[in-house]
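Atom set for the values below is all heavy atoms of this structure, side chains included, hydrogens, waters and symmetry mates excluded. Sequence lines set the chain letters: A, B, ... in the order given, protein chains first and strands last, and positions in each chain run from 1.
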Amino acid sequence: MEGCTILGALSVTTGVKDALSIVHGPNGCAHHNFSLLHATLATDTDSRFPHIVSTHLSEDDIIFGGEEALERAIREGLERDVGGIFILNTCIVDTIGDDTAAVCRKSWRVPVIYLPTAGFLGGGFSRGMLNALQTLAIHAKPREKVPRAVSLIGEKNLEYEVEENYTEISRLLESLGLHVYLRFVRDITIADLTEISRSGLNILREPELMPLGDLLRQRYGTPFVDRFPRGFIGTLTFLQDVARTLGIPCEDAVAYEMEHQTRVLAKFQDLEGIAVHLGRDTSNSFLREMVDLLGMFERNDGIHLPIPIPEPVGTGGVERLFHHWRRTICASL
Amino acid sequence: MRQIALYGKGGIGKSTTAANLSAAFAERGLKVLQIGCDPKHDSTRMLMHGANIPTVLDLVRERGVEPITPHEVVFLGFQDVRCVEAGGPEPGVGCAGRGIIATFQLLEKLEALEGDVVVYDVLGDVVCGGFAMPMREGYAEEVYLVTSGELMSLYAANNICKAIARLARHGRSKCRLGGVICNSANTHPREQELVEEFARRIGSALMGFIPRDRMVQLAELHKQTVFEYAPTSKQAQIYRTLAVSILENGSLTIPIPLETDQLETLALAYI
């Protein structure tokens, strides 16, 4: 079971800070998602309210059609200082056949962008997120590339450690002489969306976003690396992948990262020789690598270690996982 | 209280049949309520002498949350037949089916569903759940299919059979098929035989044959039912006979819908 497509899409559209997301449907559809996004964002350092409003559809709107209510909500939205508006369809308006796209096409003062997000049409949270990213990705024109500019594609705005992961990727890119140009889509403006064509490389959060990577490559000629780095070896491979894709050297960066990883490991020597248990799913090669690196060994009656979801990103993510494991181990001894 | 629903293809003459049946029931001293369940809201027009009465949904839309009283939606027509029009959205937007559901809920709340006979006049070729509302528990327990000998009209009638049969599978549903009314379109000489055979094949019977008569058109041009315009006419007598057949009808069945090819073969045999 997975969440609704509309939440996946909202996790993207609310990442555009000067935009308003209008959920076209009854109040509850907007409120439920607002609460969830708000609760998650509140754990971030800047606790802001997601810019979400509802078209407040009632039974009358369903009988007579909800397009008027949508136009009203757009007009009200324009009274705020917004750079753009996203319209997200709920199940009921797609059932009665509101022509949301036509309403969006009218001439509005700012871009009004329609996202087909009705949950009953299939797919879940991930599909909603991918669709939204794709919808937002096609508003740019091919332009000259900014030197050494890299964009992050599809950061999971609702995951823990999203900022920590960003810091880690930035650190790794800097070691190659590169920098993050655009976070697509997190903490950017409507105008920034058109900058997507200017990065020399895109890094996808995870391989599931490959269709989007392909789309950006076809439209704007931007190559991509298909995932954030995972584990110590994965981090070194990541540096090599990025460098190879851009045709730049990486030997120094890889050598430095290996030294850095050795220093990180040295901090956890106290965990060597401890018997641990990873639960039933022992096929996870990433976890196996981590346990081996620490010199721990697996045994059925070993200390039960928490399994991180999603897996930690880069060397920094592994270091945080090791701290977490140490706390668990200390509490059990 | 008898609750009767007339279903059939659009334009087949449901409203004319319904209005004249209501008038016939009223003539026999029965208290009649006719509810038009078609967004084009012209079911009761002849009973209302050509007036388009305000529809329930128009009122709901204008009022918002303010309460509505029964006399704002129920209007007295010819022979004191009480008339209601559900109404609906503009063509091409919204959800007419939900409109029917909302209308029924409101009429229920207003306790307007009363009398000796309630006649529901329902658009039959719209097949979403909302248009099946009159067949649900607590509403019409007998459905009469209005059809001509034209294939498309039989096809629509057959579809309604599917809906009744489906509902009947729910143990609690009391909705049954009362019979078939042939409203002649003068399609071919053996039209009556064809519709009679169709009725038999779906496990029902022909309740009446209404021949095409210019009296109906004349009455409508005068914004009246046949009963009012020409009460002693042959056509009025046909509606009277049909009304009696319905009132005395004791045979309610769960229909056996035909497959499309069966229906076509049947139509072909009588052409």
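- The residue from A:L57, A:L70, A:D99, A:V23 that alone fulfils the side chain to side chain contact (heavy atoms under 4.5 Å, CB included) condition with A:V93 is A:L57.
- Ranked by heavy-atom pairs shorter than 4.5 Å toward chain B, the options A:D98, A:I62, A:T95 are led by A:I62.
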What's the verdict on side chain to side chain contact (heavy atoms under 4.5 Å, CB included) for A:R143 and A:E195, showing C-alpha distance, side-chain angles and the deciding distance? CA-CA 9 Å; A:R143 284 159 74 195; A:E195 293 295 311; 3.2 Å; yes
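- Both the backbone and the side chain of B:L57 come within contact range of chain A, judged by heavy atoms closer than 4.5 Å.
- A pairwise comparison of heavy atoms in A:N157 and A:G15 identifies ND2-CA, 4.4 Å as the closest pair.
- Counting heavy-atom pairs closer than 4.5 Å to chain A, the top-ranked of the candidates B:A96, B:G97, B:G99 is B:G99.
- Judged by distance alone, the side chain of A:T40 and the main-chain N or O of A:L36 form a donor-acceptor pair under 3.5 Å.
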